[in-house]
**Student:** 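Below you will find the structure I want to go over with you.
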Amino acid sequence: QVQLVESGGGLVQAGGSLRLSCAASGRPFTDYGMGWFRQAPGKEREFVAAIAWMTGKPFYGDSVTGRFTISRDNAENTLFLQMNSLKPEDTAVYYCAAAPWSGRQYLAKNYKYWGQGTQVTVSS
């Protein structure tokens with residue numbers, strides 16, 4: 001059974017940084033893509049970033065390009081999201097997700113496994 005456990009959320013001032021982690025377990029992820037999504041109250045779940053686990057190739061949503069960096073540690077089966085230059089509009093619950101690589105990792109519906117989410121709040 002695949003399990004994804006996020007950590008690292010919290011309260012930060014605008015312009016600050018946070019690093020989210022997602023510990024993954026339950027199967028090998030070499031043929032998987034891993035992603036980060038976020039959901040603010042009253043809004044749809046939004047694609048943030050994804051990474052091809054085997055190659056490490058990253059993909060980013062338009063709203064975070066240049067500010068966020070996705071990475072993974074193969075040995076520890078851990079996914080990361082380094083968030084810099086945070087803005088109040090980045091406030092949301094951030095979810096880690098995993099799915100077989102499809103090339104369309106920006107679509108939430110393509111993900112089979114989800115973590116419980118971690119709250120990120122950016123104050124102005």
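Sequence positions, counted from 1, serve as the residue numbers for this chain.
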**Student:** Are the side chains of L86 and L18 in contact, using a 4.5 Å heavy-atom criterion?
**Tutor:**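 Contact flag for L18/L86 side chains = yes.
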**Student:** State the CH2-CE distance between W36 and M83, to the nearest 0.5 angstrom.
**Tutor:**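 One finds 8.0 Å between CH2 of W36 and CE of M83.
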**Student:** Identify the two heavy atoms, one from Q105 and one from A50, that lie closest to each other, and give their separation to 0.1 Å.
**Tutor:**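 Heavy atoms only, the tightest pair is CB-CB, 3.7 Å.
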**Student:** Taking atom types as modelled, is there a side-chain donor on S17 or N84 under 3.5 Å from an acceptor on the other?
**Tutor:**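 Checked: S17/N84 side chains pair up, N/O donor to acceptor below 3.5 Å.
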**Student:** Test of understanding: with salt bridge (charged side-chain N to carboxylate O under 4.0 Å, His left out), list the residues that count as partners of E89, not counting sequence neighbours.
**Tutor:**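 Salt bridge (charged side-chain N to carboxylate O under 4.0 Å, His left out) check on E89 returns nothing, list empty.
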**Student:** With sequence neighbours excluded, what pairs up with R67 under the salt bridge (charged side-chain N to carboxylate O under 4.0 Å, His left out) test?
**Tutor:**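 Salt bridge (charged side-chain N to carboxylate O under 4.0 Å, His left out) check on R67 returns D90.
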**Student:** Please enumerate all residues that pass ring pair (Phe, Tyr, Trp, His ring centres under 6.0 Å) together with W53, with sequence neighbours excluded.
**Tutor:**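 Applying ring pair (Phe, Tyr, Trp, His ring centres under 6.0 Å) to W53 gives none.
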**Student:** Regarding E46 and S63, is there a side-chain donor-to-acceptor distance under 3.5 Å anywhere?
**Tutor:**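 Looking only at side-chain atoms, S63 and E46 do form a donor-acceptor pair, the distance falling under 3.5 Å.
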**Student:** Quick one: list whatever passes ring pair (Phe, Tyr, Trp, His ring centres under 6.0 Å) with Y106, sequence neighbours left out.
**Tutor:**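 In terms of ring pair (Phe, Tyr, Trp, His ring centres under 6.0 Å), with neighbours along the sequence ignored, Y106 is linked to no residue.
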**Student:** Quick check: do E6 and L4 have side-chain heavy atoms less than 4.5 Å from each other?
**Tutor:**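 Side chain of E6 against side chain of L4, heavy atoms only: no contact under 4.5 Å found.
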**Student:** Determine whether M34 and Y111 fall in the same hydrophobic cluster, where Ile, Leu, Val, Met, Phe, Trp and Tyr are linked whenever their side-chain heavy atoms lie under 4.5 Å apart.
**Tutor:**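 M34 and Y111: separate clusters.
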**Student:** So, T65 side chain and G61 main chain: donor-acceptor pair closer than 3.5 Å or not?
**Tutor:**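 Such a contact is found between T65 side chain and G61 backbone.
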**Student:** List the atom pairs, with distances to 0.1 Å, where a side-chain N or O of residues 22-30 and a protein N or O form a donor-acceptor pair under 3.5 Å, not counting sequence neighbours.
**Tutor:**
from, atom 1, to, atom 2, distance (Å)
R27, NH1, D31, OD1, 3.3

**Student:** Strictly under 6.0 Å, is that where the ring centroids of F37 and W114 end up?
**Tutor:**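 They qualify: ring centres under 6.0 Å apart.
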**Student:** Please find the pair of heavy atoms, one from Y60 and one from A49, that lie closest to each other, and give the distance.
**Tutor:**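 Looking at all heavy atoms of both residues, the closest pair is CD2-CB, 3.7 Å.
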**Student:** Supply the atom-to-atom distance K87 NZ to S124 OG, rounded to the nearest 0.5 angstrom.
**Tutor:**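 K87 atom NZ to S124 atom OG measures 14.0 Å (nearest 0.5 Å).
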**Student:** Out of curiosity, F59 CZ to R104 CZ, how far, rounded to the nearest 0.5 Å?
**Tutor:**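 If I round to the nearest 0.5 Å, the distance is 13.0 Å.
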**Student:** Do L107 and F47 come close enough that some side-chain heavy atom pair is under 4.5 Å?
**Tutor:**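 Contact flag for L107/F47 side chains = no.
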**Student:** Looking at S102 and N110, what are the two nearest heavy atoms and their distance?
**Tutor:**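 So the two residues come closest at OG-ND2, 3.8 Å.
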**Student:** Can you check whether Y95 reaches Q39 side chain to side chain, under 4.5 Å on heavy atoms?
**Tutor:**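 When only atoms from C-beta onward are counted, Q39 and Y95 do touch, with a gap below 4.5 Å.
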**Student:** Tell me, do L81 and T69 make a side-chain contact under 4.5 Å, heavy atoms counted?
**Tutor:**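 No, side chains not in contact.
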**Student:** Give a yes or no on whether the backbone of T121 and the side-chain of T91 come within a donor-acceptor separation of less than 3.5 Å.
**Tutor:**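 Not at all, since once roles are kept as given, no pair shorter than 3.5 Å links the two residues.
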**Student:** What about V93 and F68, same hydrophobic cluster or not, with Ile/Leu/Val/Met/Phe/Trp/Tyr joined at side-chain heavy-atom distances under 4.5 Å?
**Tutor:**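 Different clusters: V93 never reaches F68 through Ile, Leu, Val, Met, Phe, Trp or Tyr contacts under 4.5 Å.
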**Student:** Excluding sequence neighbours, so at least two apart, what forms salt bridge (charged side-chain N to carboxylate O under 4.0 Å, His left out) with R19?
**Tutor:**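 Applying salt bridge (charged side-chain N to carboxylate O under 4.0 Å, His left out) to R19 gives none.
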**Student:** Is there a side-chain contact between I51 and K57, using heavy atoms and a 4.5 Å cut-off?
**Tutor:**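 Not touching, per the 4.5 Å side-chain cut-off.
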**Student:** Whether R72 engages the ring of F80 as a cation-pi pair (distance to the six-membered ring centre under 6.0 angstrom, angle to the ring normal within 45°) should be assessed.
**Tutor:**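 No; the conditions do not both hold, so R72 does not lie above the ring face of F80.
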**Student:** Grouping I, L, V, M, F, W and Y whenever their side-chain heavy atoms are under 4.5 Å apart, do L79 and V64 come out in a common cluster?
**Tutor:**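 Shared cluster, yes.
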